[in-house]
Amino acid sequence: MKPIIRYTGTVAVSAIVAFAAAAYLIGPPAGAEPAPQTVPQPAQTTTTGAVPAPTVQQVDKGAASSSAPGEPRPDKPGVQAGDAKTEGPSAGSAAANGAATPGQGSAAGSGAGSAAEPAKPGKPSIAEVPCEGEVPSKTLKGVVNAEVETNSVIKFEMPAGVDGEPDNAASAGLTLKPGQATCVRFAKAGTFLYHSSGKLHGAITARAWYDIEVEQPVQDLVGGNFWMPDAVNQTAEESDVMYYSVLGLSAFFFTAIAAAIIYFVIKYRHRPGHKPQPSAAHNDAMEITWTVIPTIIVVFLFWYGWRSYIHVVTPPNKAVEIDVLAWRWNWQFTHANGVTDSDLHIPVNTPVRLVMTSKDVLHSFYSPVMRVK
């Protein structure tokens, strides 16, 4: 029994020390967090002029599915989904009940129509906003054709001598002055037509972020290597470290053990004139060495892998829920705003929680670029 007790004690002591060292060096696993709640996501803005990252909100699926395609993103102020209120041709016009009060008819201007006239269905409702304190999602210079997201702030920078006027009442709400910067928000989907006094014509198409993203061409990811494709999420780094650690250790021990076997086979091969010698019955130093070192390695791998796993499977309380429905040869993704697609669209810099069900049998959902299965 002494060898068994000695071996068991060596493993136990090594494991305890290794667990303590791993917890100190790597850190404890993340604690459980509350379940996802219905909360808006933080605004995603950029100063590079690119389309901002799509951000969605936990909303009632039935209400979301009946909303208009121009439903604004909830991280921006403005007209909310399902709100019956519509903005008039200008920020300071229109009585709330739709009837113009005396003296207001001329103030609206003859080009914009009646002050109480609501925006036409399907056309963007445009409101000028102060540029101070706003980070525009896109900057446009001059009279141009462009595509923008609904409910996003767009900055127009007009050169000297170039102005901008709406083409019709449906496109009212934007007047660009020459040599100045103007910020506006497009609250609804549609096409905004405008022109300059120099007969330059432009068209701004406002669409929901998911309509823009779904038409983006699929691009081959760059930056990957022979073993892994390029990663698109934060937790992929921990998974890659784990993979390369196990791969490196496996290659090292395979080479070391194979080299030792070849060496011993050659050195102790049977040769004429050499008598066989008895093997050593026991070696405490060797036994402790090949017990302690593998135990420490395995404990560190377990601790790091467990810590990474807890991090992945415990979503923050602001995670966006996406329903995943699987059946034979198909995947269906229902996003938080009610949009259903066969492709998975993930907002940038936003935690996501996948809620998966199946119509028929068990299916394996694997996303290589996210290292999630």
Side-chain angles (χ1 to χ4, degrees), residues 38-59 69-81 83 85 87 90-92 124-160 162-164 166 171-192 194 202-216 232-234 316-320 335-337 339 345-352:
T38 303
V39 291
Q41 302 303 315
Q44 303 292 334
T45 56
T46 177
T47 57
T48 60
V51 177
T55 305
V56 294
Q57 181 185 23
Q58 297 296 335
V59 295
E71 175 185 356
R73 293 196 300 178
D75 60 312
K76 302 286 188 179
V79 181
Q80 300 298 319
D83 192 352
K85 177 183 177 181
E87 297 183 9
S90 63
S125 178
I126 305 168
E128 183 175 345
V129 297
C131 292
E132 294 78 10
E134 293 282 356
V135 180
S137 61
K138 182 176 290 189
T139 299
L140 304 177
K141 297 184 178 181
V143 180
V144 296
N145 298 329
E147 185 177 64
V148 300
E149 287 189 18
T150 54
N151 209 39
S152 62
V153 175
I154 308 300
K155 183 178 182 180
F156 289 85
E157 294 182 352
M158 306 302 294
V162 179
D163 60 353
S171 303
L174 174 64
T175 300
L176 307 176
K177 298 180 180 180
Q180 296 185 11
T182 305
C183 293
V184 299
R185 175 178 283 113
F186 295 83
K188 294 184 180 298
T191 302
F192 170 66
Y194 68 118
I204 306 298
T205 301
R207 297 198 299 161
W209 67 268
Y210 44 80
D211 288 333
I212 296 176
E213 291 295 325
V214 77
E215 294 183 359
Q216 293 293 328
V232 299
N233 61 330
Q234 296 177 348
N317 58 0
K318 292 186 178 181
V320 173
H335 297 79
N337 52 17
V339 175
H345 301 274
I346 300 296
V348 178
N349 297 327
T350 304
V352 173

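Computed from a prediction, not measured in an experiment: that's the story for all the values here.
The nearest pair of heavy atoms linking Glu147 to Lys138 is O-NZ, 2.6 Å. The two residues Thr182 and Cys131 come nearest to each other via the heavy atoms C-SG, 4.0 Å. Listed here is the closest heavy atom pair of Arg207 and Ala189: CA-CB, 4.3 Å. For the pair Pro351 and Lys318, the tightest heavy-atom approach, listed with the atom from each and the gap, is CG-O, 4.2 Å. Nearest heavy atoms, Thr191 versus Ala203: CG2-CB, 4.4 Å. Contact detail for Gly164 and Met158: the closest heavy-atom pair is N-CE, 4.4 Å.
The side chain to side chain contact (heavy atoms under 4.5 Å, CB included) test with Arg185 is passed by exactly one of Ile154, Ile126, Asn151: Asn151.
In this structure a side-chain-to-backbone donor-acceptor pair under 3.5 Å is present from Thr350 to Val348. Under a 3.5 Å cut-off, the side chain of Tyr194 and the backbone N or O of Val144 do form a donor-acceptor pair. In this structure a side-chain-to-backbone donor-acceptor pair under 3.5 Å is present from Ser137 to Val153. For the pair Lys188 (side chain) and Ala206 (backbone), a donor-acceptor distance under 3.5 Å is absent. Under a 3.5 Å cut-off, the side chain of Asp163 and the backbone N or O of Pro178 do not form any donor-acceptor pair.
The shortest distance between side-chain heavy atoms of Leu140 and Ile204 falls below 4.5 Å.
Within a 6.0 Å radius of CD in Gln180, other residues, nucleotides and ligands contribute more than 12 heavy atoms.
In this structure, Phe186 and Phe192 have perpendicular ring planes: the angle between them is above 60°, well past the 30° mark.
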